[in-house]
Every structure is written in structure tokens, then in C-alpha cells.
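Below is one structure, written out as C-alpha cells, with a few remarks after it.
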Amino acid sequence: MTAPVEFRPAMPADVPSLHATWDEAFTDAHVTELYAHDPGRLPRTFVAVEAGTVVAAVYYLPRRVRNAAGGVDLVGGVANVATRVRARGRGHIRRLLDLAVTAMAADGCAWSLLFTGTSDVYLSSGYRPFTLHYRSGRPAAAAAPPPGWTVREESDVDWAELAPVHAAFNAHRPLSTVRDAADWGLRVPVWYAPPTRTLVARHDGRTAGYLVAQWSPGHVRVIEVAAWPDRPDALRALFGAVARTAVDRAVRHCTARLPADPVIEAALPSLLIDPVTEADATGMVRPIHAAPDHLAAITGAPGAFHWPADYL
């Protein structure tokens, strides 16, 4: 006979089997690393417990996300969703999402956001997918940096120096997260740790922009950029540096996972030749206090984007 299953918020005694559940489902160390630094994590972690063991879990973190009207919404970001193999197919995640959404509503979250490769799991809980578009193509020909510009890869990144550049570049970008000091101190360095590479562009010695890229044999993937609004040429300098390295490494394909932003589009020829448009449909949203039209306006707004360092 199958033991009864209890659905509830996590308690300190659940942590060992909670981590074991995640170890069974995920290979990335950042899952537990980021979770451990959230002081309010247990009341926002919902678990299915069978015979004293966590067999499924859902966690959420309140985040501040820009909307399409120029404001900021409190959003429940869902993460660390996992079920042990032996407990799958029994509806545990749906039950846990119901608990999580109820808690999000009590926290004042306007809506909920998640990213997943298994969207079918979330449809019955009211989540609906949206699509972000980006470009890919062959790297551009190598060219010298514009006069006065330097671009260097930095292994010991001063994220506090780059934080205001990011804030200015994304000040009106729907779907982007308003990062705080804790994000720059932990989340961004974890997500963009080596082998991910960060380039910093300076004009006459002043920091003007940065770019984050992931390199693999034959391929480079640009996953975040930012520049001061009065220094759009920083993007050309950064893109050109990636293109030069790609030529040196005989890299033949480049993915620019970047928003359809006019300043990015203007600089993109410095990075890509004959770009094609690709789609990322891993994002899902669910209204809580907000109306569905409010969410549609955010996810469908020109330039809307969510950077990988803001994933949970």
C-alpha cells in the first residue's frame, strides 16, 4: 500500500531529503547554492512528503519585474520544481503549484513567471507560454575597435561597477528584473561564473558597457549586454571583439540571445552576418492579481526580455 502524501510548506527537517530530490533531478550546483542564500526560503518551498521523505518540491521567490506601462510588478518566480522518479505521474506538482500560487497571492504578487523545457506540466495550473525572439548567424568579419575604445575580458569582474550600466540600459525594458545588491553580489556571479566570459568596454578609460558570452567548439552564444544610453558605440565595440575572437578560433556560428532593441539591432552587423530569427518558448506566465491583458502587454512588448542571470 502506498503511504499517504502530505502537501505543505517545507520545514527544517525536510532539507536533507529536499536536497536529495533536487540532486536526483538537477545537475547544476547553483540550484542549492542560490536557494541556501534566501533567508525566507522554507515558507516559500512547498513539498510533497511520503513516509517522511520529500518526493516533490516547488519553490518560489518574489522578484521585481518591469511591466509594459513603465512600472514595476512584484512577481512570483517559480524554480526548483522537481519530482523523484518513483513519484512521477501522480499530480504532485499541480498540488504544490496550487499552494505556491495561494502564497504568492498573499504576498501581493501580481503574476507568476517561470522558465521550463516541459511546459505541459504547468498548463493545468494556469500557466501559459510566451515566446522571445533573438538572432543567430555567422560571425562578422574581424575589424579593429573604433578609436578610443578598449575591450577586455575580465576574470575578476567588478559587478558593482557594471550594475548601474545594466540598470540604465534596462530602465524601460518590460520583463526585465530590477536587480538589487544581493543579485549583483550572488546571483549574477553564480550564473555568469567561468567558463562563461565577461567583456568590459571602456571609452577613453570610462566604463561604457559589458557583454557576457559562452564559448563552445564552433559556437559562441552572447547572453547579456548593456551599455550606457549615451554610449551606444559600446555595443559595436563589444560585438566586434566577439567577432574577432570567433574568427581567431574558427567559430562558424554565433547566437545573439538578445532583445529586439533598436540600439542592439543597429550594432548587430558588428557581430553577425546574414542573421536569422530564432524563438525561445521556454517562458510561462500566470496571472494572480493582474489581468491577463496586463501580462500579454508585458510579454508582447517590443524589446521585452528576461536575462539568464535573473533565472531562479
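In the hydrophobic clustering of this structure, Leu132 groups with Leu258; members are Ile, Leu, Val, Met, Phe, Trp, Tyr whose side-chain heavy atoms approach within less than 4.5 Å, directly or through other members. Placement of Leu113 and Tyr60 in two distinct hydrophobic clusters is found when ILVMFWY residues are connected by side-chain heavy-atom separations under 4.5 Å, directly or transitively. The cluster map of Ile, Leu, Val, Met, Phe, Trp and Tyr, joined by side-chain heavy atoms under 4.5 Å apart, puts Val5 and Phe46 in the same cluster. Phe169 and Phe305 end up in the same hydrophobic cluster when Ile, Leu, Val, Met, Phe, Trp and Tyr side chains are linked at under 4.5 Å. Hydrophobic clustering (side-chain heavy atoms under 4.5 Å, transitive across Ile, Leu, Val, Met, Phe, Trp, Tyr) keeps Val55 apart from Phe7.
Of all the heavy atoms in Ala304 and Thr299, the pair that sits closest is CB-O, 4.3 Å. Trp215 approaches Ala246 most closely through the heavy-atom pair CH2-N, 3.7 Å. The shortest non-hydrogen separation linking Val58 to Ala100 is CG1-CB, 4.2 Å. Contact between Tyr192 and Ala309 at its shortest, heavy atoms only, is OH-N, 3.2 Å. Nearest heavy atoms, Gly209 versus Val165: CA-CG1, 4.1 Å. For the pair Met104 and Gly76, the tightest heavy-atom approach, listed with the atom from each and the gap, is SD-CA, 3.8 Å.
The local environment of NE2 in His289 is crowded, with over 12 non-hydrogen atoms from other residues, nucleotides or ligands closer than 6.0 Å. The number of heavy atoms from other shown groups lying within 6.0 Å of CZ (Arg64) does not exceed 12.
Rounding to the nearest 0.5 Å places CZ of Arg202 at 7.5 Å from CZ of Arg152. Here SG of Cys254 is found 8.0 Å from CG of Leu268. Values are rounded to the nearest 0.5 Å. Between the CZ atom in Arg197 and the CD atom in Glu154 there is a gap of 13.0 Å [rounded to 0.5 Å]. Note: Ser155 OG to Glu153 CD = 7.5 Å, rounded to the nearest 0.5 Å. If you take CG on Asn67 and CH2 on Trp111, they are separated by 8.5 Å, rounding to the nearest 0.5 Å. Within the model, atoms OH of Tyr210 and CG of Leu162 stand 6.5 Å from one another, a figure rounded to the nearest 0.5 Å.
Remark: side-chain polar atoms of Arg135 are not paired, donor with acceptor, to backbone N or O of Val276 under 3.5 angstrom.
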Could you list the donor-acceptor pairs under 3.5 angstrom formed between side-chain atoms of residues 124-131 and any protein atom two or more places apart in sequence or on another chain?
unit_1, atom_1, unit_2, atom_2, d
Tyr127, OH, Ser112, OG, 2.7
Arg128, NH1, Leu123, O, 3.0

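Annotation: salt bridge (Lys or Arg N to Asp or Glu O under 4.0 Å) contacts involving residues 205-221, sequence neighbours excluded, comprise Arg206-Asp230. A salt bridge (Lys or Arg N to Asp or Glu O under 4.0 Å) check over residues 235-255, counting only residues at least two apart or in different chains, returns the pairs Asp233-Arg236. Sorted by first and then second residue, the side-chain hydrogen bond (donor to acceptor under 3.5 Å, both in side chains) pairs with a member in residues 301-312 read Asn170-Trp307, Arg179-Asp310, Arg257-Tyr311; sequence neighbours excluded.
Using a cut-off of 4.0 Å between Lys/Arg side-chain N and Asp/Glu carboxylate O, Arg8 and Asp14 are scored as salt-bridged. Under a 4.0 Å N-O distance rule, the pair Asp261/Arg173 qualifies as a salt bridge. In this structure, Asp183 pairs ionically with Arg63, as a charged nitrogen and a carboxylate oxygen lie closer than 4.0 Å.
Using a 4.5 Å heavy-atom cutoff, the side chains of Val212 and Thr196 are in contact. Put simply, the side chain of Cys109 does not reach to within 4.5 Å of the side chain of Val75, judged on heavy atoms. The side-chain heavy atoms of Pro174 and Arg66, taken from C-beta on, include no pair separated by under 4.5 Å. Inter-residue side-chain proximity for Leu211 and Val242 is flagged as met; some heavy-atom pair is nearer than 4.5 Å. Contact of the Arg84 side chain with the Thr53 side chain is registered, since non-hydrogen atoms from C-beta on lie closer than 4.5 Å. Taking 4.5 Å as the limit, some side-chain heavy atom of Trp159 sits within range of a side-chain heavy atom of Thr198. In this structure, Leu235 and Ile264 have side chains that are in contact, with non-hydrogen atoms separated by less than 4.5 Å. Looking at Val151 and Leu238, their side chains come closer than 4.5 Å, going by heavy atoms from C-beta outward.
In the hydrophobic clustering (ILVMFWY side chains linked at under 4.5 Å, chained through shared members), Leu42 is joined by Val15, Leu18, Trp22, Phe26, Val31, Tyr35, Val47, Val49, Val54, Tyr59, Leu61, Leu312.
The one candidate from Leu272, Val251, Ile273 that meets the side chain to side chain contact (heavy atoms under 4.5 Å, CB included) condition with Arg138 is Ile273. Of the residues Arg88, Arg95, Arg94, Arg90, the one that meets the side chain to side chain contact (heavy atoms under 4.5 Å, CB included) test with His92 is Arg90.
Under the rule for a side-chain hydrogen bond (donor to acceptor under 3.5 Å, both in side chains), Glu24 has no partner lying at least two apart in sequence or in another chain.
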Next item on the list: With side-chain contact (heavy atoms from CB on, under 4.5 Å) as the test, would you mind laying out the steps for Asp73 and His294 before giving the verdict?
Entry: CA-CA 11 Å; Asp73 294 338; His294 180 80; 2.6 Å; yes
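Side-chain atoms of Asp280 and His133 include no donor-acceptor pair closer than 3.5 Å.
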